[in-house]
S.K.: 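Let me give you the structure first, and then I'll get to my questions.
Predicted, not measured: the structure shown is a model, and the values here were computed from it. The chains referred to below are lettered A, B, ... by the order of the sequence lines, with proteins before strands, and numbering in each begins at 1.
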Amino acid sequence: MNSPQAAVAGADLRVPDAAGHFGPYGGRYVAETLMPAILELEEAYHRIAADPQFQQELSRLLRDFAGRPTPLFAAERLTRHIGGAAIYLKREDLAHTGAHKINNTVGQALLARWMGKRKLIAETGAGQHGVATAAAAALFGMQCRIFMGEEDIRRQAPNVQRMQLLGAAVVPVASGNGTLKDAMNEAMRYWVEAVSDTFYVIGSVAGPHPYPMMVRDFQQIIGIETRRQMLALAGRLPDALIACVGGGSNAMGLFHPFIADPVELIGVEAAGSGIGTGRHAAALCAGSVGVLHGSKSYVLQDADGQIREAHSISAGLDYPGVGPEHALLKENRRARYVAVTDDEALHAFQALCRLEGIIPALESAHALAWAMQAAKQRPRQDLLVVNLSGRGDKDLGIAVPRLQELGQDRKEDRPT
Amino acid sequence: MNRIDATFARLARRNEKALVGFVTAGDPDVGRSLPVVTAMCTAGLDLLELGVPFSDPTADGPVIQRSSARALAAGVGLVQVLDMIAVLRRKTQIPMVVFSYYNPILAYGAAAFHRDARTAGADGLLVVDLPPEESAELTGRWPDNDLCLIRLTSPTTPPERMRRIASSASGFLYHVSQLGVTGGGGLRPEEIARQLHELRAVTRLPICVGFGISSPAQAAAVARIADGVVVGSAFERLIEEHLDRPDLPEILAGRVAELKRATLRPAPVGGS
């Protein structure tokens, strides 16, 4: 296992640079029409985020609207059941709209208001970012348009209704597989046309600079709270932080405040049907360096540089790219990236329901699945924090039938 | 002299404007695409932009998205596009520009692309999603300036940025006439004339205007104010509507001739 401290010594922690590069990753690979908007956003973000009044307003909204701080919960029954390291859950599922996404959308919507923009657009996969954007738009009385793939609309129907209730227009995207990548393509196309009065609320630490930096900054409240809460609960820092990685915003938000500490950082990607099957979404574990959606990072692609479709039971992880800062953390070995299959995530999903009375999002169940396996191998005094990035109510339509199938399989496997 | 520079010099001497045609290479497959493109070059195109199909064309509207998908389904990638250029180069001296998103070029390799594109007979490269801020990683690996890097400007580009873009461009400037993706409507020649006036103040490069030009009347209106008129989605729409016609090359050649004629008889600005 890497020594986190040794890795940190060699890593430049002041990323990104002025041009938005995280080492060789990141940058701004967008059409010329969008460049002035991105440069304007970067300038505005630096100026406005430095204003104490903005930070004060954001803190108040995170507390009174989003429900922060979220608890750090010692999962004692789960820990006893496994019989190894102690597992703590950072309860982002308890944040308003049911996931960590609200931290970022409140931040970006407030920034949009300070910039005088009255229209928000966003892409969404699982629908969590769409719901969180719609909620922030309603809060500020802004127009909101959410791009969502048709396949995701089918498998995350409850979130579509929530977005519509909150006053957002949900635009179905039919191209490609009708998932998150296609939604982002369509949001970018719309933005090129509407760029003069529309603020694009990107939901992950992906996209062109300044988004990976800005979304990280808005999400790092997760790690800041975790640090304080762990010190209060256990009197010391955790040994490892574990978070799922699609685009990577909940992971980056948890990791970032610990980047200079001797704490292991583990990002869990979606292995789908298994890395070997080719049907997965593990860009860091099994992809290569490329440019997608405005930044350079790891992507799933073929030898011609065509982006491959991702596959995961979890709509929020079903994306062939990943944020550029994760690519840097992989390269400088500050973080480790692993992958968990659909079935492993489903078992963890069920375990948390039964053992702790918490229904996790399928995305978060990936992080949990890896943590449960790791906890078995590690001593009881080790402290593992899993980012429970979202709640799973939206996933019942997928998870329940799949769990019944898995249960069936296991009965058939049983010797008679 | 590069074929692009030579072409604009020749057109200027004759007081003509360039008709620039964009076609997705290998749409619907290489076998049917080559005769179409050849016929278009013969019928009066002054410059050919060959689009490299890409899985995620975020700057393109539905027509070019579908053309890209057809070519990808036929197995066309950058390798096949360069092969097509080599075949075309044996038949024509028309300037050819590779029109691509960045990822296929990145996957191919900057130096390898430069070598193979030159060998095939390409004259320039336009990368939709590679602004000047990021392009050093590409051109820094090019051994010489034989391959023009065509740059884009848009209605959102402020004057000081125009200057920066123009100073690092060669061949010609491609001015995007309107906000939005390819294939949109609502061309506004007066607005474009104002934008070109600003651009002319910062560059002596020829300026071609694209996006939203499909009819001969629109081509004529733009030809009055720009050095070249780029037509793309309109050709792709025609290809899509006549995919199975054996006379597809003649259909496209007919449209090229019509558009070229229109650029020779420029209509007054704002005229119908």
S.K.: Non-hydrogen atoms of chain A under 4.5 Å away: do they reach the side chain of B:Gln178, the backbone, both or neither?
M.R.: neither
S.K.: Could you check which of B:Leu179, B:Asn103, B:Thr156 has the highest count of heavy-atom pairs closer than 4.5 Å to chain A?
M.R.: B:Asn103
S.K.: Looking at chain A, which one of B:Leu78, B:Val176, B:Leu72 has the largest number of heavy-atom pairs inside 4.5 Å, strictly under?
M.R.: B:Leu72
S.K.: Atom CD1 of A:Ile307 and atom OH of B:Tyr101: how far apart are they, to the nearest 0.5 Å?
M.R.: 12.5 Å
S.K.: Would you indicate whether the side-chain heavy atoms of A:Arg189 and B:Pro57 approach each other to under 4.5 Å?
M.R.: yes
S.K.: Flag the one option from B:Val127, B:Thr157, B:Val52, B:Asp56 with the top tally of heavy-atom pairs under 4.5 Å to chain A.
M.R.: B:Asp56
S.K.: Does any heavy atom of chain A fall under 4.5 Å from the side chain of B:Phe54, the backbone, both, or neither of them?
M.R.: both
S.K.: Is there side-chain contact between A:Lys296 and B:Glu134, with at least one heavy-atom pair below 4.5 Å?
M.R.: no
S.K.: To the nearest 0.5 Å, what is the distance between OG (B:Ser55) and CD (A:Glu309)?
M.R.: 8.0 Å
S.K.: Quick one: are A:Asn185 and B:Gln65 in side-chain contact, heavy atoms under 4.5 Å?
M.R.: no
S.K.: Looking at every heavy atom in both A:Val289 and B:Leu106, which two are closest together, and how far apart are they?
M.R.: O-CD2, 4.4 Å
S.K.: With a 4.5 Å heavy-atom cut-off, do A:Glu32 and B:Arg151 have their side chains touching?
M.R.: no
S.K.: Does CZ belonging to B:Arg163 count more than 12 external heavy atoms closer than 6.0 Å?
M.R.: no
S.K.: Can you say whether B:Leu152 sits under 4.5 Å from chain A via the side chain, the backbone, both, or neither, judging by heavy atoms?
M.R.: both
S.K.: What option among B:Leu130, B:Asp60, B:Val79 has the most heavy-atom pairs under 4.5 Å with chain A?
M.R.: B:Asp60
S.K.: Kindly check if the number of other-residue, nucleotide or ligand heavy atoms within 6.0 Å of CZ (B:Arg118) is above 12?
M.R.: yes
S.K.: So which residue, B:Pro158, B:Pro53, B:Gly61, ends up with the most heavy-atom pairs under 4.5 Å with chain A?
M.R.: B:Pro53
S.K.: Can you tell which part of B:Ile105 gets under 4.5 Å to a heavy atom of chain A, answering side chain, backbone, both or neither?
M.R.: neither
S.K.: Let me confirm one number: the CD1-CD distance from A:Ile38 to B:Glu133, rounded to the nearest 0.5 Å.
M.R.: 9.5 Å
S.K.: For B:Thr153, is it the side chain, the backbone, both, or neither that has a heavy atom closer than 4.5 Å to a heavy atom of chain A?
M.R.: backbone
S.K.: Which bit of A:Ala303 comes within less than 4.5 Å of chain B, counting heavy atoms only: side chain, backbone, both or neither?
M.R.: backbone
S.K.: Should A:Tyr190 and B:Val181 count as side-chain neighbours, where that means a heavy-atom distance under 4.5 Å?
M.R.: no
S.K.: Highest number of heavy-atom pairs under 4.5 Å with chain B: which of A:Met188, A:Gln301, A:Lys181, A:His293?
M.R.: A:Lys181
S.K.: For the CZ atom on B:Arg141, are there more than 12 heavy atoms of other groups (residues, nucleotides or ligands in this structure) within a distance under 6.0 Å?
M.R.: no
S.K.: Let's test your reading of the structure: which of A:Glu193, A:His21, A:Gln306 forms the most heavy-atom pairs below 4.5 Å with chain B?
M.R.: A:Gln306
S.K.: Mind listing the closest non-hydrogen atom pair of A:Tyr29 and B:Pro131 along with its distance?
M.R.: CA-CD, 4.2 Å
S.K.: Taking atom CG as the centre, does B:Asn145 end up with more than 12 heavy-atom neighbours from other residues, nucleotides or ligands that are less than 6.0 angstrom away?
M.R.: no
